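These numbers come from a predicted model, not from an experiment. Basis for what follows: all heavy atoms, side chains included, without hydrogens, waters or symmetry-related copies.
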Number of protein chains: 2
Amino acid sequence: MFSIGELSRATGVKVPTIRYYEGAGLLAPEERTEGNQRRYGRAGLERLQFIAHGRELGLSLEAIRHLLELSDRGRDCTDAHLIARRHLEETRARIARLQRLETELARLSEVCDHGPGEPCGLIAALGDHGQCLGEH
Amino acid sequence: MFSIGELSRATGVKVPTIRYYEGAGLLAPEERTEGNQRRYGRAGLERLQFIAHGRELGLSLEAIRHLLELSDRGRDCTDAHLIARRHLEETRARIARLQRLETELARLSEVCDHGPGEPCGLIAALGDHGQCLGEH
DNA sequence: TCTTGAAGCTCTAGTCGCTAGAGGTCCTAT
DNA sequence: ATAGGACCTCTAGCGACTAGAGCTTCAAGA
């Protein structure tokens with residue numbers, strides 16, 4: 001049986017976050033001590049690792065909840081693959097978007113050929129979308 | 001003089017968001033009508049465009065507030081370039097991180113060679129960080 | 001067995017950047 | 001004069017935590 005602190009050290013998930021996950025209906029302790037402290041078993045540890053790993057991969061708690069249900073029910077994992085696939089697509093879209101921003105930012109931080117007393121090109125460019133090359 | 005709705009249409013920023021920016025100390029209307037409605041001038045419009053553009057570039061309101069102060073004070077824009085540069089670095093780091101996730105997700109959504117009744121490889125992999133190839 | 005102090009408990013509120021809704025007032029065109 | 005769209009303020013909610021107050025419990029050493 002693990003205390004919440006042991007679970008925290010074992011997974012790298014902070015104690016208040018574990019309690020938060022419990023409130024969010026993702027992870028309940030197997031039992032409580034007489035004094036009302038949480039005690040987890042191996043299953044709890046693994047479940048928390050599952051959650052933590054999903055979060056590292058950028059999945060929402062919503063998506064993780066869904067995956068946990070599928071995992072609890074076992075069998076058909078079509079939905080699980082759908083979730084992973086959808087998340088992969090979102091990730092790709094976010095990468096593409098960030099890359100456009102990167103280009104823009106790189107350009108912006110170069111633009112500053114103003115002489116003494118003249119306004120800064122960077123600040124001017126920030127106010128004027130028309131100076132941008134692409135979409136963002 | 002523009003009403004808040006006109007400003008909204010001109011910039012694409014929603015009305016409640018403009019009010020939120022005001023609460024956040026980024027943008028105040030030049031004046032109010034007798035009936036307490038906000039009225040903005042050209043300066044207000046440009047300031048909002050500045051904010052909106054900064055947000056599109058993913059800058060925090062904090063960073064934008066800072067840039068606005070620099071712009072208001074004019075002259076030395078070293079700090080402005082620092083902000084832009086730091087944000088560019090953050091953006092690059094986020095891209096790199098997302099790309100590692102992309103690889104992992106792509107791999108994950110392929111892994112599912114389980115026979116009928118056997119547990120799904122995807123769900124197992126989600127619980128076990130050790131199966132990952134890289135860092136994330 | 002007692003004591004101490006780290007670790008646990010619950011509850012509330014704050015973070016960021018909005019968004020939605022309630023319930024009321026104002027402005028403007030007909 | 002009136003209708004109704006646009007405006008006002010205020011409060012609460014989102015997601016995923018984080019921080020703090022004020023209290024209780026547990027475990028190890030004396």
Below the 4.0 Å mark, does C:dC18 have OP1 or OP2 next to a side-chain nitrogen or oxygen of B:Y21?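 So the side chain of B:Y21 is within the cut-off, an N or O lying under 4.0 Å from OP1 or OP2 of C:dC18.
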Any B:K14 side-chain nitrogen or oxygen under 4.0 Å from OP1 or OP2 of C:dT19: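 Yes, such a contact exists.
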With a 4.5 Å cut-off on side-chain heavy atoms, are B:L27 and B:L68 touching?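 Of all side-chain heavy-atom pairs linking B:L27 with B:L68, none is under 4.5 Å.
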Side-chain heavy atoms of B:S8 within contact of B:V13, under 4.5 Å: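 With C-beta onward as the side chain, the pair stays apart.
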Are B:E89 and B:R86 close enough for a salt bridge, meaning some N to O gap below 4.0 Å?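 No, B:E89 and B:R86 are not salt-bridged.
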Could you state the CD1-P distance from B:I51 to C:dG17, rounded to the nearest angstrom?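 From B:I51 CD1 to C:dG17 P: 12 Å.
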For B:T33 and for B:L61, find the nucleotide of DNA chain C with the closest heavy atom, then tell me which residue's nucleotide is more 5'.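 Its nucleotide being nearer the 5' end, the pick is B:L61.
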Using side-chain contact (heavy atoms from CB on, under 4.5 Å) as the criterion, list what pairs up with A:A63, not counting sequence neighbours.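 Residues passing side-chain contact (heavy atoms from CB on, under 4.5 Å) with A:A63: A:L59, A:S60, A:I83.
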Residue list, side-chain contact (heavy atoms from CB on, under 4.5 Å) with A:R39, at least two apart or on another chain: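 Once residues adjacent in sequence are excluded, the partners of A:R39 under the side-chain contact (heavy atoms from CB on, under 4.5 Å) criterion are A:M1, A:S3, A:E31, A:T33, A:Q37.
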Contact residues, residues 41-48 of chain B to DNA chain D [heavy atom, < 4.0 Å]: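 Close to the strand, none.
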Partners of A:E102 by side-chain hydrogen bond (donor to acceptor under 3.5 Å, both in side chains), sequence neighbours excluded?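 For A:E102, the residues satisfying side-chain hydrogen bond (donor to acceptor under 3.5 Å, both in side chains) (neighbours in sequence not counted) are B:R92.
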Should side-chain heavy atoms under 4.5 Å link Ile, Leu, Val, Met, Phe, Trp and Tyr, which residues sit in the same cluster as A:L88?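 Result for A:L88 is B:L105.
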Under a criterion of less than 4.0 angstrom to any heavy atom of chain B, what are the 5'-terminal and 3'-terminal contacting nucleotides of DNA chain D?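 Going 5' to 3' along DNA chain D, contacts run D:dC7 to D:dT9.
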Check residues 40-50 of chain B and write down every donor-acceptor pair under 3.5 Å in which the side-chain atom is one partner and the other belongs to a residue at least two apart or another chain.
from: B:R47; atom 1: NE; to: B:L26; atom 2: O; distance (Å): 2.8
from: B:R47; atom 1: NH1; to: B:D72; atom 2: OD1; distance (Å): 3.2
from: B:R47; atom 1: NH1; to: B:D72; atom 2: OD2; distance (Å): 3.4

Return the set of residues passing salt bridge (charged side-chain N to carboxylate O under 4.0 Å, His left out) with B:R65 (not counting sequence neighbours), or none when no residue passes.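 Salt bridge (charged side-chain N to carboxylate O under 4.0 Å, His left out) check on B:R65 returns B:E62.
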Output every pair passing salt bridge (charged side-chain N to carboxylate O under 4.0 Å, His left out) with a member in residues 2-22 of chain B, not counting sequence neighbours, ordered by first then second residue.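 Qualifying pairs, neighbours excluded: B:E22-B:R32, B:E22-B:R38.
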What does nucleotides 2-15 of chain C look like as a protein-contact string, B for base, S for sugar-phosphate only, - for none, at under 4.0 angstrom between heavy atoms? ------SSB-----
